[in-house]
Amino acid sequence: MVTSALEQAVGYTFKDRGLLRLALMHPSYLNEHPEETGGSNQRLEFLGDACIGLLIGREMYRRFPDLGEGGLTEARSRVVRDEALAGAARRLGLGKHLILGQGERSRGGGERDANLADAFEALAGAILLDGGYRSAQRVILTALRPEMRAMDLGPAGKDPKSQLQELAHLRGLGPPSYEVVKTEGPPHQPVYTIAVRLGSEALGVGEGRRKVDAERLAARAALEALGA
């Protein structure tokens, strides 16, 4: 069997290539091509999300025996949030393989964190179905190795929202406020665009499937704008 460039990057060769195609199928393509009958990657995304959460939770439990439940939950969330999953997807080159509608592609859909995170989860689900738990474990932990190494340096570190709040207090800027400026996607799977303001000035914008992920990205952008 010939291994595709994406399979080489992932380190896994599918027995059922249909599962790989399904993992890359964004709902926007189906909206423009109703003749397609295989469905989008959303069901695989659901399965992959559960698989990734289990594997990373197990790794957190193993790596940090002194952390309590709250610390383990925060540590896991830092690895499985959209920003981290999208970063893993970029390293694998998933964006250029996504099957997108023309409208979504023209809007830069192949580089959107939400789309990339969804695709990474769907890919994980597809590998779980195609090759089993061990194959999924190997691929997921390898793909997220940089994020796991960052956790080794300090699982209890503050997230960008906490850092921004502390910096704003130190500089006498008042507390940050977060505002949803745009919501896209279907009602059951919205993508939020959120701006963070210090006073009247918008300093950062973030996008994510969950409001908290979008807020974190907005806070990170604000920190960069403030030179932190």
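Scope of the values below: all heavy atoms of this structure, side chains included, with no hydrogens, waters or symmetry mates.
Note that CG of Leu100 and NE2 of His26 are 6.0 Å apart. Values are rounded to the nearest 0.5 Å. Between Met148 atom CE and Thr142 atom OG1 the span is 11.0 Å, to the nearest 0.5 Å. Interatomic distance, Leu123 CG to Glu7 CD, rounded to the nearest 0.5 Å: 9.5 Å. Atom CZ of residue Phe14 and atom CG of residue Leu20 lie 5.0 Å apart, to the nearest 0.5 angstrom. Summarising the geometry, atom CD1 belonging to Ile140 is positioned 7.5 Å from atom CG belonging to Leu128; distances are rounded to the nearest 0.5 Å. Of the inter-residue distances, the one linking Leu223 atom CG with Leu164 atom CG reads 5.0 Å to the nearest 0.5 angstrom.
A single hydrophobic cluster is seen to contain both Val139 and Leu141, as judged by linkage of ILVMFWY side chains at heavy-atom distances under 4.5 Å, directly or through other members. Each of Val191 and Phe120 belongs to its own hydrophobic cluster when Ile, Leu, Val, Met, Phe, Trp and Tyr are linked at side-chain heavy-atom distances under 4.5 angstrom. Follow the hydrophobic side-chain contacts under 4.5 Å out from Val80 and you reach Tyr61 in the same cluster. Met25 and Leu85 fall within a single hydrophobic cluster, where Ile, Leu, Val, Met, Phe, Trp and Tyr side chains are chained together by heavy-atom contacts under 4.5 Å. One hydrophobic cluster, built from ILVMFWY side chains closer than 4.5 Å, cannot hold both Leu167 and Val205; they sit in different ones.
Residues Met60 and Leu72 are in side-chain contact: their nearest non-hydrogen atoms beyond the backbone lie under 4.5 Å apart. Counting only heavy atoms from C-beta outward, the side chains of Leu24 and Asn41 never approach each other to under 4.5 Å. Side-chain atoms of Ser135 and Asp130, non-hydrogen and from C-beta on, never get closer than 4.5 Å to each other. Looking only at side-chain heavy atoms (C-beta outward), Val196 and Glu215 stay at 4.5 Å or farther from each other. Side-chain atoms of Asp213 and Asp113, non-hydrogen and from C-beta on, never get closer than 4.5 Å to each other. Contact check for Leu55 versus Cys51: side-chain heavy atoms found under the 4.5 Å cut-off. Looking only at side-chain heavy atoms (C-beta outward), Arg216 and Arg78 stay at 4.5 Å or farther from each other. Side-chain contact between Arg107 and Ser28 is absent, with no heavy-atom pair separated by less than 4.5 Å.
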| request: Show your working on salt bridge (charged side-chain N to carboxylate O under 4.0 Å, His left out) between Glu147 and Arg91 and close with a plain yes or no. | output: CA-CA 12 Å; Glu147 286 73 22; Arg91 291 191 294 271; 2.8 Å; yes

| request: Test Leu226 against Leu198 for side chain to side chain contact (heavy atoms under 4.5 Å, CB included), laying out the working first. | output: CA-CA 11 Å; Leu226 292 169; Leu198 289 174; 3.8 Å; yes

| Given the rule in the side chain to side chain contact (heavy atoms under 4.5 Å, CB included) test, do Lys211 and Tyr178 qualify, once you have shown the distances and angles that lead to the verdict? | CA-CA 10 Å; Lys211 288 182 180 179; Tyr178 296 85; over 6 Å; no

| request: Might you work through the side chain to side chain contact (heavy atoms under 4.5 Å, CB included) test for Gln163 and Arg220, ending with a clear yes or no? | output: CA-CA 9 Å; Gln163 293 177 46; Arg220 186 182 297 278; over 6 Å; no

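The shortest heavy-atom contact between Ala122 and Ala23 is CB-O, 3.5 Å. Closest heavy-atom contact between Asp118 and Glu45: OD1-OE2, 3.1 Å. In terms of heavy-atom proximity, Gly206 sits nearest to Leu217 at CA-CB, 3.8 Å. Closest approach of Leu92 to Ala9, counting heavy atoms only: CD2-O, 3.4 Å. Taking both residues in full, the closest heavy atoms of Ala88 and Leu144 are given as CB-CD2, 3.8 Å, listed atom of the first, atom of the second, then distance. Minimum heavy-atom separation, Leu22 to Gly38: CD1-O, 3.6 Å.
For CD of Glu36, the number of neighbouring non-hydrogen atoms (other residues, nucleotides, ligands) closer than 6.0 Å is greater than 12. Within a 6.0 Å radius of CZ in Arg134, no more than 12 heavy atoms belonging to other residues, nucleotides or ligands are found. The number of heavy atoms from other shown groups lying within 6.0 Å of CZ (Arg43) does not exceed 12. Within a 6.0 Å sphere centred on NE2 of His169, other residues, nucleotides and ligands contribute 12 heavy atoms or fewer. Tyr133 OH: more than 12 foreign heavy atoms inside a 6.0 Å radius.
With Tyr12 contributing its side chain and Gly131 its backbone, the two residues share a donor-acceptor pair below 3.5 Å. Judged by distance alone, with hydrogens and angles left aside, the side-chain atoms of Glu32 form a donor-acceptor pair with the main-chain N or O of Gly103 at under 3.5 Å.
With 3.5 Å as the limit, one finds a donor-acceptor pair spanning the side chains of Glu104 and Asn115. Defined by atom type and a distance below 3.5 Å, a donor-acceptor pair is missing between the side-chain atoms of Arg105 and Gln102.
A salt bridge is absent between Arg112 and Asp82: the closest approach of a Lys/Arg side-chain nitrogen to an acidic carboxylate oxygen does not fall below 4.0 angstrom.
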